[in-house]
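Worksheet for the structure shown next.
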Amino acid sequence: MAVNLGALAHKTWRTIASIQTGVVLLILVVILSAAGTIVLQRPATDPDEMQTAYSPHALQMLDALGLTDVFHAWWFLGLMLLVSICIVAASIDRFPNSWRFFSRPYKYPDESFRRASHPQKLLAIADEETGLVAAERALHSLGFKPERVVREDHFGIFAERHRISEMAVYIVHASLLLIFFGTIVDGIWGWRGFLNLNEGQTTNVVELRDGATRTLPFALRCDQAGQENYKDGTPKKWWSKLVVVEGGRDVLRKEIVVNDPLLYNGVRFYQSSYGQNGKVDKLMLTATPSSGSGERKEFGLAVNDTVSLDADTTVRFAEFFPDYAVRDGQVYRKSNELENPAVHLIVTSKAAAAKTRGTKAAGATTASRDFDVWFPPLDEVADNSKAPWQFQATDLKMQHFTGLQVSHEPGQWAVWSGVVLLGVGLAFVFYVVHMRFWAVPVCDRKTGKCLLWIGGSANRNRDAFEQKFNDLVALVGEELKTIPKTAPGEQVTAVVEH
Amino acid sequence: MARANTEQQQPATGTTLIVLVGLAIAFLLFMAFLNVVKSGNILNETNLLFATLIFYSGAGALYLGFGVTGTESYVKFASLATWLGLLANTAAVAHRWYEAGHAPFSSVYEMLLSFVWTLAVLTLVAEKKYGVKVIGTVTMPVAIVGVVLMQLLRTEVHPLVPALQSTWLHVHVTLAMLAYAACALSFALAMMFLLKDNLKTETVLAVTSASTLAIYASVVLTRFEKWGGLSLVAWDPERKAEVFLARGVRLFVTIPDLGWLMTLTLLVVASPLVFYGLARWKNNESYLTVANRAVFLSILLQVMALAMFLVRAGDGRYPSLDAEGLFPTSLAASPFILSGLVGGVFISLLYLLLVWRRPDLERLLPSTDDLDRLTYKTICLAFPLLTLMIASGAYWANQTWGSYWSWDPKETWAAITWLVYALYLHMRITRGWRGRRAAYFAIAGFAVVMFTFFGVTYLLPGLHAYA
């Protein structure tokens, strides 16, 4: 039974670590994420839009299958987990072999290796030492560091470059895992939300994507925000001057723009939009007395502000309509867009009240009369001309808010280091070649004739390597011509003893 | 050896085409020059692009001539024309950059400008460095279609919205262009591999017929209106923009009778596929001859459909089902139908070229081993570029929106592209996939790239609205 279990475990392991499993999983990822781009996704799409796009039945089914939120569905996350496990298993499975290859380089090619090796070349040499020296010099001039390999009964030259390239694929896999790890950390401990701040407002509450709120341990204040436009009116730049307030003190100030966020305590604030909230900051007015005598006045009013114009006249900013409509003598708010604004001022005058009532009323001193002043002067409701003061609206300053995205991504450092590592790993995988050269002198004991066997191997880009190999052989040939013949036997024995 | 053979079999017929193409280029340049003299402004983008188009077309014709006749001297002149076109193209890019004040990557028009430039550069590199001389036969027509498309798209310099003002944008898009151009090259090489690898001509027939069928089927299925009309997006010539009824709802006009013509063309382009099926089913080769004739007929009809489309969509006012009155449309309003139709004619012509000149074509190609290796090498180039493109895009998104990955369709499809090429590399390195299977994989990879580049922008909604 135990044996069977062992066999089963072994079989499972083989399955998980196999390339087939990896390929099947990756194809599944491809299909499912493609589905996620074709089916409309929640919460990015409005529920209304979802309902117009699909029939109720279809929508119910898509929801049940999780196809309306593929990338957060449990089965997609499970699949990613399986992919990670598969990468780990495949790496573990193949690692020992590669490590052996890496840690114990094959320095002396035996006869069977020499026979099968490609490319290879045999050069005639006078004796063993000449061949070795020539190979050493040639390798030196190609920038290698040749090494003499001396065993009990044989010797040769070995040179290599970029052995690390054999491990590059593990760097790539490790970096992918690091990226996955970072995204998982972000998925669990990270959050994203948004924050709209009016100029001068302070808050520490962030609204999250799912509608919940989150209270920060510090507060954020927006001192000023603005927009710069191109000549054609499209926005060029949005900026906000933000202040972090902690424990009642301003601890950090920064002017942020799009692409340049504020970072405090691991929370990032990004400029994402800028606009009007449909509320008036200040209405600028000039007023002149209807009688013609008296001073012209200029002042600004916020909604519900009251200003006295003279001893018995005041004006109050009663109502503001960003987009008005008039029906049956009533003014309505049509929308909150600043499309067609109307302003309602109420001018209260004691003098006017006294005038209309004449001398009749004894308590006239406390009575007053209201005039409705409208901009634009709406016929049905406005009595602009009757009012004791004539007004001109010179400017309407709207309140602006700055829209901030807020995010906390504790895992992003793992992601970025994974990305850098991935780049390095891929550079090694594709462009760093592990090259090995061997040179072994082979002498026939009977005839005394000697040949230098030169072989080489590269783990990729073999055609370019062959060129390099041919260069090496040519160089060795040249070196062989320049080396004076040494006495046979002497040096070789010396080497062996050494 | 191959070269010697070629020269023996093709005695000096070469000069005629060179002279003709040279004359055509000279004539067009002269006409352009007259225009320039009239307007008094030489270095504007339209002229530069026009020059680019002329030279690329000349290069395309010469490369095709080389493909057909195998005359070596064509290639010299073809690369000369490519160099000149590249020069004009570079000037256009530089001009655009100077005018806009940012690298030309922010709209489809600007992206195409850069893409065509990269493609021309890579073509010259492939030709000079790797000796793949026929590559221009495939890449130059693509470049020509790109330049023609550019003429139809909106060309005004748009100021960059705040989100796009980042160095990372330039890094991201440069990498994307390089990666996509490398993918396009690997696609061309894989196609050549299949040719050299004795892929049966009738298989190419089936694929050609199926692709043209797909083009016309998508046109007819989405645009055929009652009573045989073809509906196209209405175009406002003054604003140079599509007409919208409401936010996101375009106004469509119906061109009468054009729908019938498209349907007829659909049937004819489907017929080679039917005859191919019959040939396979009945095991009777004679059906293939019929199929080849049907391809010829389909080219005639396709050209007619294209011509009618050009004439009728380019001019005139048409009724709409959704609004009262007559509205104009424009070729610029339907760039994808237009490029589909042009592409259909182009691949059918390539097939004819193959039928007539297959032995010559094969002789001109490097060996299958070389092509296989080159395909692999270009993908080895494309894959790290894709990786860096995705990484830089993620970094930029993190700077701008506060999240490095939000599964928006473009992002997801970029990841899918990456995965497909990752699969290719794994199959090749660990499973030893070589030859045909690898070539099919490379072709599929490029199809995914094309979808990511065009399909996602126009078919799926997302953040990458600008590109």
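Throughout, a chain's letter reflects where its sequence line sits, starting with A, and its residues are numbered from 1.
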Per-residue contact mode, [X] against chain B (heavy atom under 4.5 angstrom):
{"X": "A:Val419", "answer": "side chain"}
{"X": "A:Gln227", "answer": "neither"}
{"X": "A:Phe269", "answer": "neither"}

Pair count under 4.5 Å, heavy atoms only, with chain B: among A:Ala34, A:Gly423, A:Gly36, highest is A:Ala34
Looking only at heavy atoms and a cut-off of under 4.5 Å, which of A:Val420, A:Val415, A:Leu422 has the most pairs with chain B? A:Val415
Just to verify, what does B:Asp197 make a salt bridge (Lys or Arg N to Asp or Glu O under 4.0 Å) with, not counting sequence neighbours? B:Arg436
Determine whether the side chains of [X] and [Y] contain a donor N or O and an acceptor N or O closer than 3.5 Å.
{"X": "A:Gln412", "Y": "A:Asp186", "answer": "no"}
{"X": "A:Asp260", "Y": "A:Tyr270", "answer": "no"}
{"X": "B:Thr387", "Y": "B:Trp418", "answer": "yes"}
{"X": "A:Thr402", "Y": "A:Gln271", "answer": "yes"}

Is it the side chain or the backbone of B:Ala394 that comes within 4.5 Å of chain A heavy atoms, both, or neither? both
Considering only heavy atoms, which portion of B:Leu381 lies under 4.5 Å from any heavy atom of chain A: side chain, backbone, both, or neither? both
Hey, which of B:Ala422, B:Ser403, B:Ala391 has the most heavy atom pairs under 4.5 Å with chain A? B:Ser403
Could you tell me whether the side chain of B:Met177 reaches within less than 4.5 Å of the side chain of B:Thr118, counting heavy atoms only? yes
